[in-house]
Amino acid sequence: MREQHSNIAKPVATAADAAPRDVSLERIAEMVSACMQCGTCTGSCGSSAAMDVPPRGLWRMVQFGMKEEIFSSRTFWLCSSCYTCTLRCPRGLALTDAMSALKRLAIAEGRLTDKKSPAFYRAFLDSVRRYGRVREVEMMGRYFIALKNPATPLAFTPLGVKLMARGKLSAGWPRLFGAGKLEAIFGKVRELEEGR
Amino acid sequence: MNYFYYPGCSLEGTARELDASTRAVMETLGVELTEVSDWSCCGASAAEAVSRLLSLSLAARNLALAEGSRADAELLVPCSACYLNLRRVGGEIKGDGGALGRINQVLSEEGLAYRGGVRVRHLLDVLANDVGARRIAGKVRRPLAGLRIAPYYGCQILRPYADFDDPERPRSMEPVLSALGAEIHPWSGGGRCCGAGLMTTKKEVALDLTGSLLSSARGADAIATVCPMCQMNLEAFQKKISRRRGEDVAISILYLPQLIGAAFGLPPQRLGLNGNLALTPALHRKLRG
């Protein structure tokens, strides 16, 4: 147990560090090559009002390979993966998958206009790799440490208190598995993706 | 009737009442659940945002474990995010001939292999279509008469795989709720996104999405959910959203199996009713019988 505690604050290598290249902008451009700019995606998107570039505009940028503009936009970080655009796209394009692919490419190339989402994904996957299952307290602890901003945990304190009062958060670390439960799977994925 | 059971990480933590109520209701209905031994995280939305192969492999590990126990396993999943991740493996294998080979290359590290034989089913699908409203009605001891409920489906059980409901205008929960004696609150919010993980990373955006749902559920006594993340987003931020919108959006939020269990007359501790963050005292009393 003590050993696991002392590991919490250390930066731990994850799949994200290995920058797996299972995507390229060219491949994402192929995914949306049939886009005819009808705007059904933008009209269907619950987050579009908060986006600096609406989804329709983003797909045009992707078709034209406008890398700078794409990766200085926060648009794809605001996709909540509701799949409504994918459902309604009259061209049948896998637009939600394309949003995820842009997240992967931005993380792989370290082009992060948004720090919170990648930090969250990393904390989450770190917990999965070590224990096989996510323990919410431990995972959020990693997320807060990675952000290095004391305001973030404070913003979550009211929720934490509510959950604690109902016995839903145990501060203990997972005991189910030893450290590195899914090490082999994470390692093999990294090996295969770097080998390409 | 028997299914393999994949609870998922949330059901061991913040959504433990979904686990408790699912098990209690299924037992009452005579449905046998066998938990997949040594199951691990489905990858959630985090793996998908980092590596597609990692996301598919983490999900497939669990399918391989279930398949190892029974070749034609049906896997019941109560969490919508887990459901989509596990379901996606089948979708990918079908669409990409090389996908299963790559996944199995990864799984071989643990001596596992997946052959594609598991059918992934969401809890709502099993309740609505395998068990059915008639059988549910037959177990009702304390009808939820006078209770008006807004059925909330969320996204991931409806899209992109519309396996058991209309992805634009979902209805599958209605016969189940009617079987309990409840009234249906007619609304268009059932399949609209609550903001999902954006509540952690882009709070303002998610508060607006959830706020619009809570507001359009006005007139209902409760919203019924079938996903831990939807449940958390809808129940945990109501005060903040009410201040933000300048309107009172307070409403009880319950998991569908909690409502079913209450109508069956099951004791409240088996349904985890003390775990809910938004449950009015009046409704709590009513559900306790």
Asker: With only heavy atoms counted, which part of A/M99 is less than 4.5 Å from chain B, the side chain, the backbone, both or neither?
Answerer: neither

Asker: Apply side chain to side chain donor-acceptor pair (under 3.5 Å) to the pair B/Y114 and B/N62, showing each step before the final yes or no.
Answerer: CA-CA 9 Å; B/Y114 182 49; B/N62 298 296; over 6 Å; no

Asker: Taking side chain as everything from C-beta outward and backbone as N, CA, C, O, which of these in B/S10 sits under 4.5 Å from a heavy atom of chain A? Side chain, backbone, both or neither.
Answerer: both

Asker: What part of A/V128 lies closer than 4.5 angstrom to a heavy atom of chain B: side chain, backbone, both or neither?
Answerer: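 Answer is side chain: those atoms of A/V128 sit under 4.5 Å from chain B.
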
Asker: For B/E35, is there an ion pair with B/R23 - N to carboxylate O distance below 4.0 angstrom?
Answerer: yes

Asker: Distance only, no hydrogens: is a donor on one side chain within 3.5 Å (strictly under) of an acceptor on the other, for B/S21 and B/Q258?
Answerer: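 No, B/Q258 and B/S21 have no side-chain donor paired with an acceptor closer than 3.5 Å.
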
Asker: Considering all heavy atoms of both residues, which atom of B/H122 and which atom of B/F164 are nearest to each other, and what is their separation?
Answerer: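 Taking B/H122 first and B/F164 second, the nearest heavy atoms are CB-CE2, 4.2 Å.
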
Asker: Counting only heavy atoms closer than 4.5 Å, note whether B/E204 contacts chain A via side chain, backbone, both or neither.
Answerer: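 No part of B/E204 comes within 4.5 Å of chain A.
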
Asker: Quick test of your reading of the model: are A/R27 and A/E30 salt-bridged, counting only N-O distances below 4.0 Å?
Answerer: no

Asker: Would you mind checking which part of B/L277 comes under 4.5 Å of any heavy atom in chain A, side chain (CB onward), backbone (N, CA, C, O), both or neither?
Answerer: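 Both parts, backbone and side chain.
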
Asker: Let's test your reading of the structure: which of A/L163, A/T152, A/T86 forms the most heavy-atom pairs below 4.5 Å with chain B?
Answerer: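 Most heavy-atom pairs within the cutoff with chain B belong to A/L163.
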
Asker: Indicate yes or no: does A/K67 engage A/E109 in a salt bridge with an N to O separation below 4.0 Å.
Answerer: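 Counted as a salt bridge, because a side-chain N and a carboxylate O are separated by less than 4.0 Å.
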
Asker: Is it true that A/D126 and A/Y121 share a donor-acceptor pair across their side chains at a distance under 3.5 Å?
Answerer: no

Asker: Non-hydrogen atoms of chain B under 4.5 Å away: do they reach the side chain of A/L147, the backbone, both or neither?
Answerer: neither

Asker: Could you tell me which of B/G154, B/C193, B/P160 has the largest number of non-hydrogen atom pairs under 4.5 Å with chain A?
Answerer: B/P160

Asker: Let me know if B/Q156 has heavy atoms under 4.5 Å from chain A in its side chain, its backbone, both or neither.
Answerer: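 Looking at B/Q156, just its side chain touches chain A.
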
Asker: Measure centre to centre between the rings of A/F124 and A/Y143, then say whether the value is under 6.0 Å.
Answerer: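 They do not qualify: ring centres at least 6.0 Å apart.
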
Asker: So which part of B/V106 gets closer than 4.5 Å to some heavy atom of chain A, the side chain, the backbone, both or neither?
Answerer: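 Answer is both: backbone and side chain atoms of B/V106 are under 4.5 Å from chain A.
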
Asker: Would you mind checking if B/E92 and B/R52 are paired as a salt bridge, meaning a charged N to carboxylate O distance below 4.0 Å?
Answerer: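 So B/R52 pairs with B/E92 through a salt bridge.
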
Asker: Regarding B/D208 and B/R245, does a basic nitrogen lie under 4.0 Å from an acidic carboxylate oxygen?
Answerer: no

Asker: Check whether B/K240 gets within reach of chain A through its side chain, its backbone, both or neither, counting any heavy atom under 4.5 Å.
Answerer: neither

Asker: Does B/R61 pair with B/D38 as a salt bridge, N-O distance under 4.0 Å?
Answerer: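 Answer for the salt bridge query: yes.
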
Asker: Less than 4.5 Å to any heavy atom of chain B: does that hold for the side chain of A/I185, its backbone, both, or neither?
Answerer: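 Contact with chain B is through both the backbone and side chain of A/I185.
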
Asker: So for B/R192, is it side chain, backbone, both, or neither that comes closer than 4.5 Å to the heavy atoms of chain A?
Answerer: neither

Asker: Could you name the residues of residues 39-56 of chain A that have a heavy atom within less than 4.5 Å of a heavy atom in chain B?
Answerer: A/G46, A/S47, A/A50

Asker: Among B/N274, B/T200, B/L209, B/L58, single out the residue with the greatest number of heavy-atom pairs under 4.5 Å to chain A.
Answerer: B/T200

Asker: Name the region of B/L107, side chain, backbone, both or neither, that has any atom closer than 4.5 Å to a heavy atom of chain A.
Answerer: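 For B/L107, the contact with chain A is made by the side chain alone.
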
Asker: Would you say the side-chain atoms of A/Q63 and A/S33 include a donor-acceptor pair closer than 3.5 Å?
Answerer: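 Result is no, nothing qualifies.
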
Asker: Answer yes when A/E194 and A/R190 have at least one side-chain N-carboxylate O distance shorter than 4.0 Å, and no when they do not.
Answerer: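 Between A/R190 and A/E194 there is no salt bridge, as every charged N stays at least 4.0 Å from the carboxylate O atoms.
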
Asker: Please determine, by modelled atom types, if B/D163 and B/Y83 share a side-chain donor-acceptor pair under 3.5 angstrom.
Answerer: yes

Asker: Identify which of B/G13, B/A196, B/S45, B/C42 forms the greatest number of heavy-atom pairs closer than 4.5 Å to chain A.
Answerer: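 Of B/G13, B/A196, B/S45, B/C42, B/G13 has the most heavy-atom pairs under 4.5 Å with chain A.
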
